[in-house]
Number of protein chains: 2
Amino acid sequence: MNGKLRVNPEVREHVLAAVKELGYRPNKVARSLRTQASRVLALVVSDISNPFFGSVIRGVEDVAGSADYLVVLFNSDEDVERERRYLSIIVAERMAGVIISPTSERKTDLSLLVDNGIPIVTVDRLAKTSGTDTVRSDNVEGARLATAHLLDQGYRRIGYVGGPAAATTSRERLVGYKAALRQARVRFERRLLSAGDFKEESGHVVMTKLLEAQPDAVLVANHTMAIGALRSLREAGLRYPDDLGFVSFDDPPWASLTHPSLTVIAQRDLEIGRQAAHLLKQRILEPDRPAVRAILQPELRVRESSLRPVP
Amino acid sequence: MNGKLRVNPEVREHVLAAVKELGYRPNKVARSLRTQASRVLALVVSDISNPFFGSVIRGVEDVAGSADYLVVLFNSDEDVERERRYLSIIVAERMAGVIISPTSERKTDLSLLVDNGIPIVTVDRLAKTSGTDTVRSDNVEGARLATAHLLDQGYRRIGYVGGPAAATTSRERLVGYKAALRQARVRFERRLLSAGDFKEESGHVVMTKLLEAQPDAVLVANHTMAIGALRSLREAGLRYPDDLGFVSFDDPPWASLTHPSLTVIAQRDLEIGRQAAHLLKQRILEPDRPAVRAILQPELRVRESSLRPVP
DNA sequence: CTGTTAGCGCGTTCAC
DNA sequence: GTGAACGCGCTAACAG
């Protein structure tokens, strides 16, 4: 049946007929128990409602599916505790491998997986566990591009709405932001810096607070917070780009459809998912291969929200 | 260890210490095989990138998680073949139950699940398999509300961008659309009707085609197609609500943030997910309980895109 | 090339 | 109250 052994054609015929007759379906639970292996990959993302991860998921499913792996999805929701529970489940279910965007570089504990020999690929972010394959964007460059573009437009008091310091993306994007300011010899001001938790509500709270420092532009570190931030601007009666230049990470389909349309840093999300799945497949076959750290270049897409009107 | 049997306290102590010492983790694969049961629920959605399903997922996870069920997610992407493969996997993995938004009322074949005694709840849509629990919106009423609102604003040539006829939501929403026209004694015109496949690209194609019939307003049957439709309007240089009134199903966070903001039919998505998970839990406990068909009322949220300027 | 058998790690049952 | 033996459904290793 599994097409491996050489069998007498007529026997094979007979068996296949019986399979159809009885509606026999192999029990994969039993198979997994016996072979000590499974065709199930876990994909743990930190925010399923962020279209960035939506595309990553699609990329993973594309290549995993065509390699006959089943992808099961977990949504950690930026919650270390939830994430921990999921990792525990993954071990208990003896899944074949894990692709994860770790909630926290320090707190996310992948040692459970490592100890049980489960292959890991991190996406979007790094984890302290060294030696895992990684696929992510060049976040420093992304933030630098965005900030330089705003400076170029003549904005001078550029705010930064970052994510939790525990996520490597937050910190790297902050580095890029600072680098651009330094390059342009614009003074860095601590008051223009703020940190949320990558979720919509915090984008709203943090942006509202940031407005007190009177920025003339803002860079938001992910899409989900950008929505909260836009809500805050609307409540304050501020219009972009007139009152405030606006750039954010991630490029959902509607960003180009609104008036004014949104300038964004687009990541190669689909490709990140694809490469992650490829790396995981390889790592499963060849556990001792040296770790790969892939870095993809993000792209600045200039639209209306960052085009400063000439005074 | 499972806290069932009455054991000598000191023995228990000793065992628990050993568990910690050795880092022992029960093998759920073996447990499933032995007990012929699992704590895994499958959730098969037809479009993971639609924020409507994002909320449904969250609702399911909320109640399933607190009942110690693990939710694994499948994205059928409106593809009957993919869906079929997933259902086959669910049977092979002997999962405890399934929540599904069936791609097609006729073609989606749930009999495989029924034959294997796997409990089913359908969400958002119906399947031909009778006797399953169901949670969905009152689609007829939703479309009727939207259309009546547009008529009320003075729009007369209202187009309808529907989904595939195979999905019950498409057909029900069409019924509501027609009902509103009839109530207002506005003549129904076949040219103003069109059907996509619920995906973004088809929203774009179908809307572009529909414009030839010169509608003065349009109702789009889901969010994903609405994005494609908006892109089409932008390309045609049409503005809403000035040139065209615009209403669509589903209410993602950004609908209220754009200029002009979008009038929508909001479904009680989170609640749909919650109730579905509740019903599935109950059905697992009590397989012969009569089927429940829950219907939740959607809500018209009037914003700028449908407010016809007085001539 | 074919039929038989052991055992994966659990939960359950039956002696003790 | 405790321990040993059995079997869930499958694959791999073996003997015929």
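As the structure is a computational prediction, the values presented were derived from the model and not from experiment.
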ask   = Choosing from D:dT11, C:dC8, C:dC10, which nucleotide comes nearest the side chain of A:R31?
value = D:dT11
query = So do B:I100 and B:L87 actually touch side chain to side chain, heavy atoms under 4.5 Å?
reply = yes
Nearest to side-chain heavy atoms of A:Q36, which nucleotide of C:dG9, D:dG9, D:dT11 = C:dG9
Interatomic distance, B:R34 CZ vs C:dT12 P [rounded to whole Å] = 7 Å
ask   = So does A:E172 pair up with A:R136, basic N to acidic O under 4.0 Å?
value = yes
task = Would you mind reading off the distance between A:K28 atom NZ and D:dC8 atom C1', rounded to a whole angstrom?
result = 19 Å
query = Is it true that A:D133 and A:R293 have a side-chain N and a carboxylate O under 4.0 angstrom from each other?
reply = no
ask   = To the nearest Å, how far apart are A:N116 CG and C:dG9 C1'?
value = 14 Å
ask   = Side chains of A:Y69 and A:L280: does their closest heavy-atom pair fall under 4.5 Å?
value = no
request  = Tell me what B:R94 touches on the nucleic acid: a base, only sugar-phosphate, or nothing, going by heavy atoms under 4.0 Å.
outcome  = nothing
request  = Take atom CG of B:N27 and atom C1' of D:dC8, then tell me their distance rounded to the nearest Å.
outcome  = 13 Å
remark   = Taken to the nearest whole Å, CG/A:L33 to C1'/D:dT11 is 11 Å
request  = Rounded off to whole Å, could you give me the CD-to-P distance for the B:E93 and D:dG9 pair?
outcome  = 15 Å
